[in-house]
Amino acid sequence: IVTRDDVEESLKAKWQYVKDQEQLLKDLYFQIEETDQKLLLKRAERDYWLEYKNVGSKTQANKIKNLEKDIKEVKDDLCRATEYYANALKILKEKNDNLIETQMKKSKEQAPENAVKRIDKSSCRDIEENEWLKEEIKIYQKEISDLKASIYLLEEENIDLVMQLLDLRLQHLRV
């Protein structure tokens, strides 16, 4: 015997089962939509990477090759520029050294003139006297050397005369 309460309870249970199934179905639809969204995203990502693999990677490889060429050219340019500037620096140093040497020679040549311009009259007189004394010393040194030569000749002559005198005395003694 089935009572009304049993039927109601059974209907309620079926009703609840149907509601649960509908909710489960809704949840499944929602999950399917989410999965479809994820699938679309993954397909788009896959398509992007496939396109990159087929086209983009070649483009990137070409860009890499071009960049490597550019790097090599920049390195070569840097080496050439370094050599150029090293040579230019060397030449400038040589020019600078020559210029300094020339200036030093000029300043050495002009130093006495500048010194003469700055000295007073008494110092000028001392310098002139010093120059005169130097010339006198040269004259006296020449006279001394001449006198030494004369003395040498006279000594030679004296020695010859003494030798002759000795020879004569020796002859007189023999006689």
Side-chain angles (χ1 to χ4, degrees), residues 34 37-175:
E34 282 182 0
Q37 293 293 327
K38 288 180 183 178
L39 181 64
L40 287 174
L41 287 172
K42 292 295 180 181
R43 281 184 182 166
E45 187 177 340
R46 184 197 68 185
D47 291 342
Y48 170 79
W49 287 113
L50 281 175
E51 186 177 332
Y52 175 78
K53 178 183 170 187
N54 294 332
V55 178
S57 64
K58 293 176 184 175
T59 306
Q60 294 295 327
N62 288 336
K63 284 182 182 179
I64 289 170
K65 286 179 184 177
N66 290 336
L67 289 173
E68 287 174 348
K69 283 181 186 177
D70 291 345
I71 289 171
K72 184 179 178 186
E73 288 175 5
V74 167
K75 283 182 179 179
D76 292 342
D77 290 345
L78 176 65
C79 287
R80 282 192 297 268
T82 303
E83 284 180 32
Y84 171 77
Y85 287 119
N87 290 336
L89 179 64
K90 184 178 176 183
I91 290 169
L92 283 175
K93 281 184 179 180
E94 288 174 2
K95 284 182 181 178
N96 194 20
D97 290 343
N98 290 338
L99 185 61
I100 289 172
E101 190 175 317
T102 305
Q103 290 296 328
M104 289 295 287
K105 285 180 182 177
K106 280 184 181 178
S107 65
K108 284 181 181 179
E109 290 172 1
Q110 291 177 351
E113 293 174 12
N114 292 340
V116 168
K117 289 179 185 176
R118 293 185 183 143
I119 57 176
D120 57 357
K121 291 181 180 180
S122 65
S123 297
C124 280
R125 193 172 305 125
D126 290 342
I127 291 171
E128 289 171 359
E129 287 177 6
N130 189 19
E131 292 296 323
W132 176 76
L133 287 173
K134 285 181 183 178
E135 290 175 15
E136 289 294 316
I137 287 173
K138 287 179 185 176
I139 292 169
Y140 287 130
Q141 285 176 342
K142 187 175 184 232
E143 285 181 15
I144 289 172
S145 65
D146 290 344
L147 288 174
K148 282 183 181 179
S150 298
I151 290 171
Y152 180 75
L153 290 174
L154 286 174
E155 285 177 348
E156 288 287 322
E157 196 176 315
N158 265 350
I159 291 173
D160 285 339
L161 289 173
V162 168
M163 291 297 277
Q164 287 175 4
L165 188 65
L166 284 174
D167 283 342
L168 284 173
R169 279 192 179 174
L170 278 176
Q171 285 177 359
H172 285 284
L173 281 177
R174 285 185 194 160
V175 170

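Numbers here simply count residues along the sequence, with the first being 1. All values below were derived from every heavy atom in this structure, side-chain atoms included, with hydrogens, water molecules and symmetry-related copies excluded.
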Does Leu168 form a side-chain contact (heavy atoms from CB on, under 4.5 Å) with Gln171? I'd like the steps, not just the answer. CA-CA 5 Å; Leu168 284 173; Gln171 285 177 359; 4.0 Å; yes
Would you mind listing every salt bridge (charged side-chain N to carboxylate O under 4.0 Å, His left out) that reaches into residues 75-91, with sequence neighbours excluded? Asp77-Arg80
When rounded to the nearest 0.5 angstrom, what is the spacing between [atom1] in [X] and [atom2] in [Y]?
X: Lys138; Y: Lys134; atom1: NZ; atom2: NZ; result: 8.0 Å
X: Leu153; Y: Asn158; atom1: CG; atom2: CG; result: 11.5 Å
X: Leu89; Y: Asn96; atom1: CG; atom2: CG; result: 10.0 Å
X: Leu154; Y: Glu156; atom1: CG; atom2: CD; result: 10.5 Å
X: Glu68; Y: Lys65; atom1: CD; atom2: NZ; result: 9.0 Å
X: Lys95; Y: Asp97; atom1: NZ; atom2: CG; result: 12.5 Å

So does Glu51 have more than 12 non-hydrogen atoms from other groups sitting under 6.0 Å from CD? no
Does Glu143 form a side-chain contact (heavy atoms from CB on, under 4.5 Å) with Ile139? I'd like the steps, not just the answer. CA-CA 6 Å; Glu143 285 181 15; Ile139 292 169; 3.7 Å; yes
Is any side-chain heavy atom of Lys63 closer than 4.5 Å to a side-chain heavy atom of Asn66? no
